Amino acid sequence: MTGGAGFIGSHLVEKLLSEGHTVDVLDNFYTGTRRYLTFSSGKVSRLLEQDVADPVVGKYDGIFHLACPASPVHYQANPLDTFRTAVWGTWQVLENCRTNHTRVVIASTSEVYGNPLEHPQRESYFGNVNPVGIRSCYDEGKRGGETIAMDFRRVYGVDARIVRIFNTYGPRMLFDDGRVVSNFCHQALLGEPLTVYGDGSQTRSFCFVSDMVEGLVCAMNAKDFDGPVNLGNPLEYRVIELAQMVLKLSGGRSSIEYKPLPPDDPYRRKPDISKARRILGWEPRIPVEEGISKTIEEFRERMECHGD
Ligand code: NAD
Ligand code: UDP
């Protein structure tokens with residue numbers, strides 16, 4: 001697994017180990033955490049500490065390719081590295097799969113839809129992406145990753161499976177990750193104001209990480225898989241509603257502080273998951289209130305134990 005020390009990756013590694021698989025992790029620890037690579041369910045057999053944009057060696061039954069910073073704060077901090085990771089990193093993984101005839105699940109993103117004019121977003125929608133804005137390194141990088149995945153499929157017959165992940169949250173998100181769920185939970189537990197960007201009327205659809213992990217495993221195991229598949233929770237919330245929910249569930253008394261909306265921030269986002277239901281037999285099961293409560297609980301414990 002590339003990106004196995006990251007937020008989603010660490011949960012996926014844990015699940016695969018608990019099922020008795022042997023897992024190698026490739027990660028450069030840009031946003032990854034070393035202690036997330038030790039699990040009660042087992043041990044990662046090999047840690048390849050390297051950039052995914054360097055040649056990826058080793059013969060595997062399957063590769064989950066997740067390496068890439070996902071939070072706007074982190075992917076915008078080094079935009080050229082982000083673009084290189086998303087495009088050239090994916091190329092390196094695909095080269096490995098071509099040589100070894102290996103199946104690969106590639107983590108793409110709802111960001112390929114940009115600021116969508118079609119709502120909810122189906123896989124057939126081509127998107128509305130600014131190619132020169134501050135989010136482009138990620139959005140266009142991931143679109144480029146999808147392009148080469150489909151061309152490795154068409155040209156070399158590589159079994160490349162693109163999943164478009166929508167906003168996913170849960171335990172183990174970094175406190176300084178910068179994404180909305182981790183910011184709100186951390187701020188609420190510290191008693192600091194919750195930072196709502198813009199007027200909070202923009203929407204997102206939030207998927208709990210255990211549901212996402214199930215979806216990724218279904219994508220690897222599915223018998224038939226061709227074009228991209230959306231994975232996410234189709235329930236849509238305004239950002240201000242999320243802030244109110246976090247305050248209610250944490251018992252916090254923080255105020256809400258409105259801050260400027262970052263450029264190109266998509267106004268709404270909600271996946272159409274009919275295709276995932278049809279070809280993977282998958283849909284999310286954890287209600288958002290339950291997932292947010294679990295996240296707050298783990299944040300509380302971590303703040304008491306580690307402080308990070
Ligand atoms: P994350 O930032 O927590 O994890 C990414 C992991 O990749 C980290 O361990 C990081 O150190 C590693 N990494 C980054 N660049 C690398 C490089 N050049 N070489 C090797 N390792 C590198 O992010 P996440 O939330 O776990 O996301 C995982 C994947 O899912 C990403 O590809 C992301 O684009 C995609 N995704 C996530 C979400 C979400 O809401 N979490 C939404 C859409 C797409
Ligand atoms: N957001 C917010 N406050 C924060 C962080 C994010 O209001 O502290 C907003 C952000 O502007 C966006 C939404 O929450 O509209 C989701 O942001 P996130 O960075 O989690 O993911 P995105 O979907 O934008 O990649």
Side-chain angles (χ1 to χ4, degrees), residues 1-13 25-34 36-37 48-54 56 64-76 78 81-86 88-90 92-93 105-113 115 135 138-139 141-142 145 163-170 172-174 177-187 193-207 209 212-213 216 230-232 237-240 242-243 246 256-269 271:
M1 185 172 327
T2 76
F7 161 54
I8 298 177
S10 72
H11 287 274
L12 182 54
V13 172
V25 163
L26 182 158
D27 205 294
N28 70 352
F29 294 97
Y30 178 58
T31 50
T33 306
R34 277 173 207 280
Y36 290 162
L37 291 179
L48 308 160
E49 189 165 346
Q50 68 160 87
D51 195 307
V52 71
D54 292 334
V56 174
F64 287 97
H65 172 44
L66 276 72
C68 187
S71 159
V73 171
H74 293 295
Y75 71 64
Q76 287 166 23
N78 294 296
D81 283 349
T82 299
F83 192 80
R84 185 165 174 273
T85 297
W88 192 236
T90 302
Q92 295 288 10
V93 169
V105 171
I106 295 178
S108 185
T109 168
S110 53
E111 288 284 326
V112 299
Y113 300 120
N115 192 10
R135 294 176 86 100
Y138 184 72
D139 299 8
K142 289 287 186 174
V163 290
R164 292 181 177 157
I165 298 176
F166 284 64
N167 297 64
T168 300
Y169 70 97
R172 298 189 192 150
M173 292 185 93
L174 299 178
D177 179 80
R179 282 178 277 190
V180 68
V181 173
S182 45
N183 275 6
F184 286 177
C185 293
H186 196 223
Q187 290 161 343
L194 270 56
T195 51
V196 169
Y197 303 160
D199 64 5
S201 64
Q202 71 273 28
T203 69
R204 294 293 186 275
S205 305
F206 299 101
C207 184
V209 66
M212 183 54 61
V213 161
L216 291 165
N230 289 338
L231 290 182
Y237 290 85
R238 294 191 184 282
V239 165
I240 189 69
L242 177 73
V246 170
I256 288 180
E257 183 182 350
Y258 290 90
K259 294 202 158 193
L261 189 68
D264 292 337
D265 198 285
Y267 186 62
R268 53 191 186 166
R269 184 179 294 152

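Numbering of ligands and ligand atoms starts at 1, following listing order. Since we're looking at a predicted model, the values are computed, not measured.
Ring pair F166/Y113 is tilted by interplanar angle, where 30° to 60° counts as tilted. Below 30°, between 30° and 60°, or above 60°: for Y138 and Y75 the angle between ring planes is below 30°, a parallel geometry.
T82 places no side-chain N or O within 3.5 Å of a backbone atom of C68 that could act as its donor or acceptor partner. Without hydrogens or angle criteria, R204 side chain to P266 main chain gives a donor-acceptor distance under 3.5 Å. Remark: side-chain polar atoms of Q92 are paired, donor with acceptor, to backbone N or O of A53 under 3.5 angstrom. No donor-acceptor pair under 3.5 Å is formed between the side chain of S10 and the backbone N or O of A5. Formation of a donor-acceptor pair under 3.5 Å by the Q202 side chain with backbone atoms of Y197 is found in this model. Listed for the S71 side chain is a donor-acceptor partner under 3.5 Å among the backbone atoms of D177.
The closest approach between A53 and ligand 1 stays at or above 4.0 Å for every heavy atom of the residue. The shell of residues lying under 4.0 angstrom from ligand 1, judged by heavy atoms, includes P69.
With ligand atoms numbered from 1 in the order given, ligand 1 contributes 40 (O) to contacts under 4.0 Å with heavy atoms of N167. In summary, the atoms of ligand 1 found under 4.0 Å from a heavy atom of G32, numbered by their order in the structure, are 8 (C), 9 (O), 10 (C), 11 (O). Listed by number with element, the atoms of ligand 1 under 4.0 angstrom from any heavy atom of Y138 are 33 (C), 34 (O), 36 (N), 43 (C), 44 (C). Against a heavy-atom cut-off of under 4.0 Å, Q50 is close to the following atoms of ligand 1: 19 (N), 20 (C).
For atom 19 (N) of ligand 1, the closest non-hydrogen atom of the protein is V52 N, 2.9 Å. Nearest protein heavy-atom neighbour of atom 11 (O) of ligand 1: D27 OD1, 2.7 Å. The nearest heavy-atom contact from the protein to atom 22 (C) of ligand 1 is N28 OD1, 3.0 Å. Atom 26 (O) of ligand 1 has I8 N, 2.9 Å as its closest protein atom, hydrogens excluded (heavy atom only). The protein heavy atom nearest to atom 23 (O) of ligand 1 is A70 CB, 3.5 Å. For atom 28 (C) of ligand 1, the closest non-hydrogen atom of the protein is L66 O, 3.6 Å. Looking from atom 38 (C) of ligand 1 to the surrounding protein, the closest heavy atom is I165 CG2, 3.7 Å. Scanning all protein heavy atoms for the shortest distance to atom 39 (C) of ligand 1 gives R179 NH1, 3.2 Å.
By the 4.0 Å N-to-carboxylate-O rule, K142 lies too far from E111 to be salt-bridged with it. At a threshold of 4.0 Å, the pair D27-R34 does not count as salt-bridged, since none of the basic side-chain nitrogens sits closer than that to a carboxylate oxygen.
The shortest distance between side-chain heavy atoms of V239 and F184 falls below 4.5 Å. Residues C185 and M173 form no side-chain contact, since every pair of their non-hydrogen atoms from C-beta on lies 4.5 Å or further apart.
Within the model, atoms CG of N230 and OG of S110 stand 8.5 Å from one another, a figure rounded to the nearest 0.5 Å.
Residue contacts with ligand 1: F7 is placed with a nitrogen or oxygen under 3.5 Å of a nitrogen or oxygen of the ligand (distance criterion only). Inclusion of S110 in the set of residues having an N or O under 3.5 Å from an N or O of ligand 1 is not warranted. The N/O atoms of A67, backbone and side chain alike, include none that comes under 3.5 Å of an N/O atom in ligand 1.
Under the rule for a side-chain hydrogen bond (donor to acceptor under 3.5 Å, both in side chains), the partners of Y267 that lie at least two apart in sequence or sit in another chain are S201.
The side chain of K142, and not its backbone, has at least one atom closer than 4.0 Å to an atom of ligand 1 (non-hydrogen atoms only; side chain from C-beta on). Of the heavy atoms in F29, only backbone atoms (N, CA, C, O) come closer than 4.0 Å to ligand 1. Residue contacts with ligand 1, taken as heavy atom pairs separated by less than 4.0 Å, involve S108 solely via the backbone atoms N, CA, C and O.
Ligand 2 lies under 4.0 Å from heavy atoms of P72, E111, R135, N167, G178, R179, V180, N183, F184, T195, V196, Y197, Q202, R204, V239, P262, D265, R269.
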**Request:** Could you walk me through whether N78 and Y30 pass the side-chain hydrogen bond (donor to acceptor under 3.5 Å, both in side chains) test, one step at a time?
**Result:** CA-CA 10 Å; N78 294 296; Y30 178 58; 2.9 Å; yes
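No option in V180, L242, I256, N183 other than I256 meets the side-chain contact (heavy atoms from CB on, under 4.5 Å) test with V196.
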